[in-house]
2 protein chains.
Amino acid sequence: MAGTRWLDEREMRAWSGFLAASALVNRRLDQQLKEDAGLSHPQYEILVRLAAAPDRELRMTELANGLINSKSGLTYQITQMEKAGLVRRRSCPSDVRGVFAVLTGAGLARLEEAAPGHVATVREVLVDVLTPEQLDALADGLGEVGRRLREQGA
Amino acid sequence: MAGTRWLDEREMRAWSGFLAASALVNRRLDQQLKEDAGLSHPQYEILVRLAAAPDRELRMTELANGLINSKSGLTYQITQMEKAGLVRRRSCPSDVRGVFAVLTGAGLARLEEAAPGHVATVREVLVDVLTPEQLDALADGLGEVGRRLREQGA
DNA sequence: CACGGGTTGTTCAAATTCGAACCGACAGTT
DNA sequence: AACTGTCGGTTCGAATTTGAACAACCCGTG
């Protein structure tokens, strides 16, 4: 591997834009959620995914693969959320090792309470800032980026 | 504020794509840097910004505002990097409170050593995955997103 | 010169993160 | 049934992050 192919100006703009937006948006969302609903962003994500799942429950591993944190990080968060009454653990009948995380009524209520403010912030910081064309470019481009990382990383 | 304007399908695709890509790309970069150069991503960013600064030094506050972490987080990182010999602290002559972080020779060397692998990874996970049009859309759209968050947040 | 408001960087405790090690359990083979 | 390799989740320790509180200091005003 001889000379490095450095980034040209266009590439650099895209890269640093992505990096900055990524950091800033995440921080902002975390703040908003914590203030308005007492949830961290990871916790909110967990609630969303559970609410969308059949029977409102998912295996730990499935949740972890979503994207959030490592396995151990998930264990920690679920433990916290269980203390807060937002989820409940249920052991899998067909596999003693398996554990389901189940959304509780309180969890669902908390999510529904937090969602409007969250969506509003998402619009404010990202969605409503972009043109429809940019939205599509993001969806297509970053969708592919995510897909590759998921495959390759697995 | 009556009904919430939820995200339509296009917006949702863009949003979740952004979120997933953001998390996955960051994690990947962190891994690569840590393995190949023994640097965390925040540390790498600090090196880059110092290397680009006049006299290779910046005030703590300027570094913190860049985007990375909170003030206290920066203090911690700089302390770590100082122990590793990558940077040095220099107190500001005109303002006793002020502190400059100065890039050392070892710090610059470490950066030059790490850069090729880093850039290659950036290409692999993001830049080379996108079309030129998508790169421009990212740069323009996310650039604006970042700009707004910086102003508003300040 | 004294005063008050805002700045600078650090310190502190608490929360969160990660990877590596671990244990019990599954499944396929012999 | 014993053996081996793999999987699912938890536990552990170390590293990192954050916001709030703090101490010292700058500056414009009176």
Side-chain angles (χ1 to χ4, degrees), chain A residues 22-24 26-35 38-46 57-84 86-102 153-154, chain B residues 22-36 38-46 57-84 86-102 153-154:
Chain A
S22 160
L24 293 172
N26 266 306
R27 199 196 312 260
R28 184 87 168 75
L29 276 175
D30 228 53
Q31 279 182 328
Q32 185 269 326
L33 279 171
K34 224 164 285 179
E35 277 180 23
L39 292 169
S40 68
H41 194 204
Q43 289 176 339
Y44 183 84
E45 285 293 322
I46 292 175
E57 63 180 12
L58 281 175
R59 287 289 286 270
M60 294 299 263
T61 301
E62 285 185 86
L63 265 175
N65 287 346
L67 60 88
I68 330 240
N69 17 20
S70 53
K71 280 185 304 178
S72 53
L74 182 66
T75 295
Y76 173 78
Q77 281 298 353
I78 293 292
T79 303
Q80 296 306 104
M81 295 172 74
E82 199 169 22
K83 282 180 195 163
L86 305 177
V87 302
R88 186 167 56 78
R89 276 184 229 247
R90 183 171 82 77
S91 56
C92 173
S94 64
D95 185 339
V96 186
R97 301 168 301 175
V99 174
F100 284 100
V102 191
Chain B
S22 160
L24 292 171
V25 166
N26 266 307
R27 198 197 311 262
R28 184 88 168 73
L29 276 176
D30 227 54
Q31 279 182 328
Q32 185 269 326
L33 279 170
K34 222 163 287 177
E35 278 180 23
D36 293 359
L39 292 170
S40 68
H41 193 206
Q43 288 176 339
Y44 183 85
E45 286 292 323
I46 291 174
E57 63 179 14
L58 282 174
R59 287 290 285 271
M60 294 298 263
T61 299
E62 286 186 84
L63 264 175
N65 287 347
L67 59 87
I68 329 239
N69 19 18
S70 53
K71 281 183 304 178
S72 52
L74 182 66
T75 295
Y76 173 78
Q77 280 298 353
I78 292 292
T79 303
Q80 296 307 104
M81 295 172 73
E82 198 169 23
K83 282 180 196 163
L86 305 178
V87 302
R88 187 168 54 79
R89 275 183 229 247
R90 182 171 83 76
S91 56
C92 175
S94 64
D95 185 340
V96 187
R97 299 166 302 171
V99 174
F100 284 100
V102 191

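From a predicted model like this one, the values you see are computed outputs, not experimental measurements.
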From the list B:Glu45, B:Glu82, B:Gln43, side-chain contact (heavy atoms from CB on, under 4.5 Å) with B:Gln77 holds only for B:Gln43
Residue pair B:Val96/A:Gly98 against DNA chain D: nearer the 5' end by closest nucleotide is A:Gly98
According to a strict under-4.0 Å criterion, is B:Gln80 in side-chain N/O contact with OP1 or OP2 of D:dT16?
yes
Rounded interatomic separation in angstrom, taking CG from A:Asp95 and C1' from D:dT6
12 Å
Kindly point out which of D:dT17, C:dT17, D:dG9 is positioned nearest to the side chain of A:Asn69?
C:dT17
What is the distance, to the nearest angstrom, from the CG atom on B:Leu74 to the P atom on D:dT18?
10 Å
Relative to the 5' end of DNA chain C, which residue comes earlier, A:Gly73 or B:Thr79, by the nucleotide with the nearest heavy atom?
B:Thr79
Which nucleotide, C:dT11, C:dC18, D:dT10, lies nearest any side-chain atom of A:Ser70?
C:dC18
Side-chain N or O of B:Gln31 less than 4.0 angstrom from OP1 or OP2 on C:dG19?
yes
May I ask you to evaluate whether B:Arg27 reaches the phosphate of C:dC18, defined as a side-chain N or O under 4.0 Å from OP1 or OP2?
yes
Between A:Tyr76 (OH) and D:dT16 (P), how many Å, whole number?
18 Å
Contacts of A:Ser94 and A:Ser40 projected onto DNA chain C by closest heavy atom; the upstream (5') one is A:Ser40
Classify the side-chain pair A:Asp30/A:Ser40 by whether it contains a donor and acceptor separated by less than 3.5 Å.
no
Side chain of B:Gln77: nearest nucleotide among C:dT16, D:dT16, D:dC25?
D:dT16
Measure from NZ on A:Lys71 to P on C:dT17 and round the result to the nearest Å.
17 Å
Contact summary for B:Cys92 and B:Arg59, nearest pair of heavy atoms:
SG-NH1, 3.7 Å
Euclidean distance, atom CD of residue A:Gln43 to atom C1' of C:dT17 [Å, nearest integer]
14 Å
For C:dT10, does OP1 or OP2 lie under 4.0 Å from any side-chain N or O of B:Ser72?
no
pair B:Ile46-B:Leu58: side-chain heavy atoms closer than 4.5 Å
no
Can you tell which of D:dC7, C:dT8, C:dA15 lies closest to the side chain of B:Arg59?
C:dT8
Protein-nucleotide distance (B:Ile78, atom CD1; D:dT16, atom P), rounded to Å
13 Å
OP1, OP2 of C:dT10 versus side-chain N and O of B:Arg89: anything below 4.0 Å?
yes
Exercise: identify the closest heavy-atom pair between A:Leu74 and A:Ala64
CD2-N, 3.7 Å
Looking only at N and O atoms, is any donor in the side chain of A:Arg97 or the base of D:dC7 less than 3.5 Å from an acceptor on the other one?
yes
A:Leu63 CG to D:dT10 P: how many Å, rounded?
11 Å
Distance, rounded to the nearest Å, where A:Asp30 contributes CG and C:dT17 contributes C1'
13 Å
Under 3.5 Å, is there a donor on one side chain and an acceptor on the other for B:Arg89 and B:Thr79?
yes
